Amino acid sequence: MKWKALPPSLDANGRRFVSTLRQLKDHSGLTLKALQAKTYFSASSWARYLNGTAFPPAAAVEALARITDADVGSLLALRDAAEKTWNADEVSTAAAGHQPERTKKGPGADGPPIRVLALSLAVGMLLFSAVLSVALILDIHRPPPGSAPGSDNGVGKYDCHYTRRGDLLFGGNSTTSSRQVMLNSTGPDVAEVQCLLVRHRLSPGDVDGYYGPHTQAQVERLQEQDHLPADGVVGEDTWRLLRHVQ
């Protein structure tokens, strides 16, 4: 699917968030109508979310992660980072779990002044919460390397303990052969990918549970070697390739 250019109002975090949603949608092969059928959100709402013109509620992000077998925590972390600079009215509406709508102008459309004050307070509290969340994340593009495995963001030092089960190789961090891993994913599944890349004589860098650009580049290299689509996303075919190593 050929996507429209993202709105210029989106900053780097917003663009990274929407681009990740697009990548998940494209990799799944689902149409907008299919997303509507599998979630509580309409096709037109998904079109706005994926074009960056409306801020998706957390429920929509979680639903997309589930149906594409992506990491929910990583995707919500991207949403939290994008939330702090997104249009405040849309963020407030999305946080309530509703689709943002444009209010028609007309007599009495502005409502009583107390409603404006209440909205301002709600937006202020939401932005304060977003700042606290981002302070914990610090930098969504590169999570802090000091975090230990099992922490909230799943980034830290992991060890590789290789075992075999039949003709399948395991690196000691995850046994999945289907969960999708992609750019900005974190946790044991990512560490497993990195350990297996090492056994394929590739260099993903530190085994730290963070799927950054360097790990993605090594996955793409492996996919090219085996004539798979070099999209840098670890799905079932790439897991199968990773686990079959001499």
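This structure is a prediction, so every number in the text was calculated from the model and none was measured. Here, residue 1 is the first one in the sequence, and each next residue gets the next number.
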Just so I know, are the side chains of [X] and [Y] near enough to count as touching, which here means a heavy-atom distance under 4.5 Å?
X: L169; Y: Y162; result: yes
X: M182; Y: V234; result: no
X: E83; Y: N13; result: no
X: S44; Y: L32; result: no
X: L222; Y: L241; result: yes
X: V207; Y: D159; result: no
X: P204; Y: V193; result: no
X: K25; Y: W3; result: yes

For a quick test of your reading: what N or O donor-acceptor pairs under 3.5 Å do the side chains of residues 65-73 make, sequence neighbours left out?
from: T68; atom 1: OG1; to: L64; atom 2: O; distance (Å): 2.6
from: D71; atom 1: OD2; to: S74; atom 2: N; distance (Å): 2.7
from: D71; atom 1: OD2; to: S74; atom 2: OG; distance (Å): 2.6

So how far is it from [X] [atom1] to [Y] [atom2], rounded to the nearest 0.5 Å?
X: Q194; Y: R199; atom1: CD; atom2: CZ; answer: 16.0 Å
X: Q216; Y: L183; atom1: CD; atom2: CG; answer: 5.0 Å
X: H200; Y: Q218; atom1: NE2; atom2: CD; answer: 12.0 Å
X: L35; Y: F41; atom1: CG; atom2: CZ; answer: 11.5 Å
X: L202; Y: T215; atom1: CG; atom2: OG1; answer: 11.0 Å

Pairwise salt bridge (Lys or Arg N to Asp or Glu O under 4.0 Å) hits with a residue in [range], at least two apart:
range: residues 179-192; answer: R179-D189, E192-R243
range: residues 209-229; answer: none
range: residues 53-63; answer: none

Pairs involving [range], ordered by first then second residue, that meet disulfide (SG to SG under 2.5 Å) (sequence neighbours left out):
range: residues 162-217; answer: C160-C195
range: residues 15-57; answer: none
range: residues 21-85; answer: none
range: residues 9-67; answer: none

For [X], side chain to side chain donor-acceptor pair (under 3.5 Å) partners two or more places apart:
X: Q223; result: D231, T238
X: R240; result: D237
X: D11; result: T85
X: T39; result: W46

If every non-hydrogen atom of S45 is compared with every non-hydrogen atom of S42, which pair is closest and at what distance? OG-OG, 2.9 Å
Anything under 30° is parallel, anything over 60° is perpendicular, the rest tilted; go ahead and classify F17 against W86. perpendicular
Kindly say whether S178 contributes a backbone atom to a donor-acceptor pair with the side chain of T176 at under 3.5 angstrom? yes
Is a donor on one side and an acceptor on the other found under 3.5 Å between the side chain of H214 and the backbone of S203? yes
Does L168 share a hydrophobic cluster with L196, counting links as ILVMFWY side-chain heavy atoms below 4.5 Å and allowing steps through other members? no
Are F170 and L197 joined in one hydrophobic group, where the rule is that I, L, V, M, F, W and Y side chains link up if heavy atoms are under 4.5 Å apart? no
